[in-house]
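FYI, the numbering just counts along the sequence from 1.
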Amino acid sequence: QPLKAHNGDAMVTDEDGSYYYIDFPQKGVRAVMLNTSNGTYDGTDYSKLFTISDKQVEWFKNDALNTDLSVIVMCHTPLLADFPDNGNAVNNSDAIRKAVDDFVTSGGKFVAYFYGHTHSQNVVVEDSGRLHISFGKGNNSGEVVMIDLQSKIINTIGLGSIKDRELKYDF
């Protein structure tokens, strides 16, 4: 609720969870947080949990991508079924990736997709050139992300046992 109070209409909360975006206009970035567990676990089938609802896809296309800012997409579970160390495919993730493709085709600026879930440092580059980046995790470790929009470089600074990374992107 405090985030909703701060973010207002940019946050959607419904019976299946929340998803939202936060703008950093002074930095030129919109961070979109998707809910990749927008389904319902019925006690027997976890695959029903890893989904993005049609409602969330429409919000993503019509609201979250309605910006002149550079967009990053963050979510827990990777949006690529064959992402390393993943093990959980997200139903309807292709609709999110297509929305990003359409956004870029119409002149939008997209930086990368960022994930947790795998607890490992992986990078996959789609045929489109878009980056899918997952973060490592361990005891007393993590990563800090810095994005240089002008040089189109993403640096992740490793804390603890996590390695630093430098990645180039192109929107």
Side-chain angles (χ1 to χ4, degrees), residues 1-39 49-81 83 86 88-118 121-126 128-135 137 142-150 152-156 165 167-171:
Q1 288 306 326
L3 187 56
K4 177 114 174 125
H6 171 75
N7 236 25
D9 292 337
M11 182 171 185
V12 176
T13 301
D14 60 26
E15 64 277 359
D16 291 324
S18 299
Y19 40 94
Y20 55 95
Y21 63 81
I22 298 175
D23 288 341
F24 301 94
Q26 70 281 12
K27 301 295 182 187
V29 173
R30 172 172 285 181
V32 180
M33 279 50 129
L34 295 178
N35 183 348
T36 52
S37 294
N38 205 203
L49 179 64
F50 297 103
T51 192
I52 297 172
S53 69
D54 291 340
K55 177 182 173 187
Q56 186 178 176
V57 170
E58 289 305 309
W59 168 86
F60 181 70
K61 291 191 299 192
N62 298 319
D63 296 342
L65 292 180
N66 185 12
T67 185
D68 293 330
L69 300 172
S70 296
V71 172
I72 64 172
V73 171
M74 303 175 77
C75 49
H76 182 78
T77 310
L79 298 176
L80 296 174
F83 195 83
N86 185 15
N88 299 107
V90 175
N91 298 320
N92 212 18
S93 63
D94 57 331
I96 296 295
R97 293 190 342 270
K98 180 175 181 339
V100 168
D101 290 345
D102 293 345
F103 173 69
V104 171
T105 298
S106 66
K109 298 173 280 190
F110 182 77
V111 177
Y113 298 96
F114 295 96
Y115 311 120
H117 192 66
T118 67
Q121 288 185 298
N122 289 304
V123 177
V124 172
V125 182
E126 282 189 272
S128 64
R130 291 189 233 311
L131 295 175
H132 294 256
I133 303 166
S134 66
F135 297 112
K137 181 189 173 289
E143 290 182 75
V144 175
V145 177
M146 297 186 304
I147 300 169
D148 182 335
L149 295 175
Q150 293 179 348
K152 298 183 181 179
I153 294 175
I154 300 167
N155 285 294
T156 67
R165 299 183 283 180
L167 307 160
K168 291 188 117 347
Y169 70 93
D170 192 13
F171 40 65

**Asked** Looking at V90, D94, I96, which one forms a side chain to side chain contact (heavy atoms under 4.5 Å, CB included) with N92?
**Response** D94

**Criterion side chain to side chain contact (heavy atoms under 4.5 Å, CB included) against K168, the qualifying member of I153, D148, L131, I154** = I153

**Request:** Assess whether side chain to side chain contact (heavy atoms under 4.5 Å, CB included) is satisfied between T36 and L79, documenting all intermediate values.
**Result:** CA-CA 8 Å; T36 52; L79 298 176; 4.0 Å; yes

**Message:** For the OH atom of Y113 and the SG atom of C75, what is their distance to the nearest 0.5 Å?
**Reply:** 9.0 Å

**Item:** side-chain hydrogen bond (donor to acceptor under 3.5 Å, both in side chains) partners for D68, two or more places apart
**Value:** none

**Asked** Checking S134 side chain against N122 main chain: does a donor-acceptor pair fall under 3.5 Å?
**Response** yes

**Prompt:** Q56 side chain to N35 main-chain N or O, any donor-acceptor pair under 3.5 Å?
**Reply:** yes

**Request:** For R130 and V125, run side chain to side chain contact (heavy atoms under 4.5 Å, CB included): C-alpha distance rounded to whole Å, both residues' side-chain angles, the deciding distance at 0.1 Å, then the answer.
**Result:** CA-CA 6 Å; R130 291 189 233 311; V125 182; over 6 Å; no

**Request:** Calculate, to the nearest 0.5 Å, the distance between atoms CE and CG belonging to M146 and N155 respectively.
**Result:** 5.0 Å

**Item:** Test salt bridge (charged side-chain N to carboxylate O under 4.0 Å, His left out) applied to E58 and K61, step by step
**Value:** CA-CA 5 Å; E58 289 305 309; K61 291 191 299 192; 3.1 Å; yes

**Request:** Using atom types as modelled and distance alone, determine if a side-chain donor or acceptor of R30 lies under 3.5 Å from a backbone N or O of A64.
**Result:** yes

**Asked** Which value, rounded to the nearest 0.5 Å, describes the distance between Y19 atom OH and L34 atom CG?
**Response** 9.5 Å

**Asked** Any sub-3.5 Å donor-acceptor pair from T51's side-chain atoms to S53's backbone N or O?
**Response** no

**Request:** Could you tell me which residues satisfy ring-ring contact (aromatic ring centres under 6.0 Å, His included) with F103, sequence neighbours excluded, listed by chain and number?
**Result:** none

**Request:** Please lay out, stage by stage, how L69 and F24 fare under the test side chain to side chain contact (heavy atoms under 4.5 Å, CB included).
**Result:** CA-CA 9 Å; L69 300 172; F24 301 94; over 6 Å; no

**Prompt:** Do M33 and I22 come close enough that some side-chain heavy atom pair is under 4.5 Å?
**Reply:** yes

**Request:** Determine, using ring centers only, whether H132 and Y115 are less than 6.0 Å apart.
**Result:** yes

**Message:** For a quick test of reading the model, state the closest non-hydrogen atom pair linking T156 to F135 and the distance between them.
**Reply:** CG2-CE2, 4.4 Å

**Request:** Please report the C-alpha distance between I52 and F60 in whole Å, then the side-chain angles of each, then the deciding distance to 0.1 Å, and finally whether the side chain to side chain contact (heavy atoms under 4.5 Å, CB included) criterion is met.
**Result:** CA-CA 10 Å; I52 297 172; F60 181 70; over 6 Å; no

**Sidechain-backbone polar pair: S70 side chain, K109 backbone, donor-acceptor under 3.5 Å** = no

**Prompt:** Does atom CD of Q150 have more than 12 heavy-atom neighbours, drawn from other residues, nucleotides or ligands, at distances under 6.0 Å?
**Reply:** no

**Request:** Name all residues meeting the side-chain hydrogen bond (donor to acceptor under 3.5 Å, both in side chains) criterion together with R97; count only those two or more places apart in sequence or in a different chain, and write none if there are none.
**Result:** E126

**Request:** Please examine the side chains of L149 and V111, heavy atoms only from C-beta on, and report whether any two atoms are closer than 4.5 Å.
**Result:** yes

**Item:** Nearest-0.5 Å distance that lies between atom OH in Y21 and atom CD1 in I72
**Value:** 14.5 Å

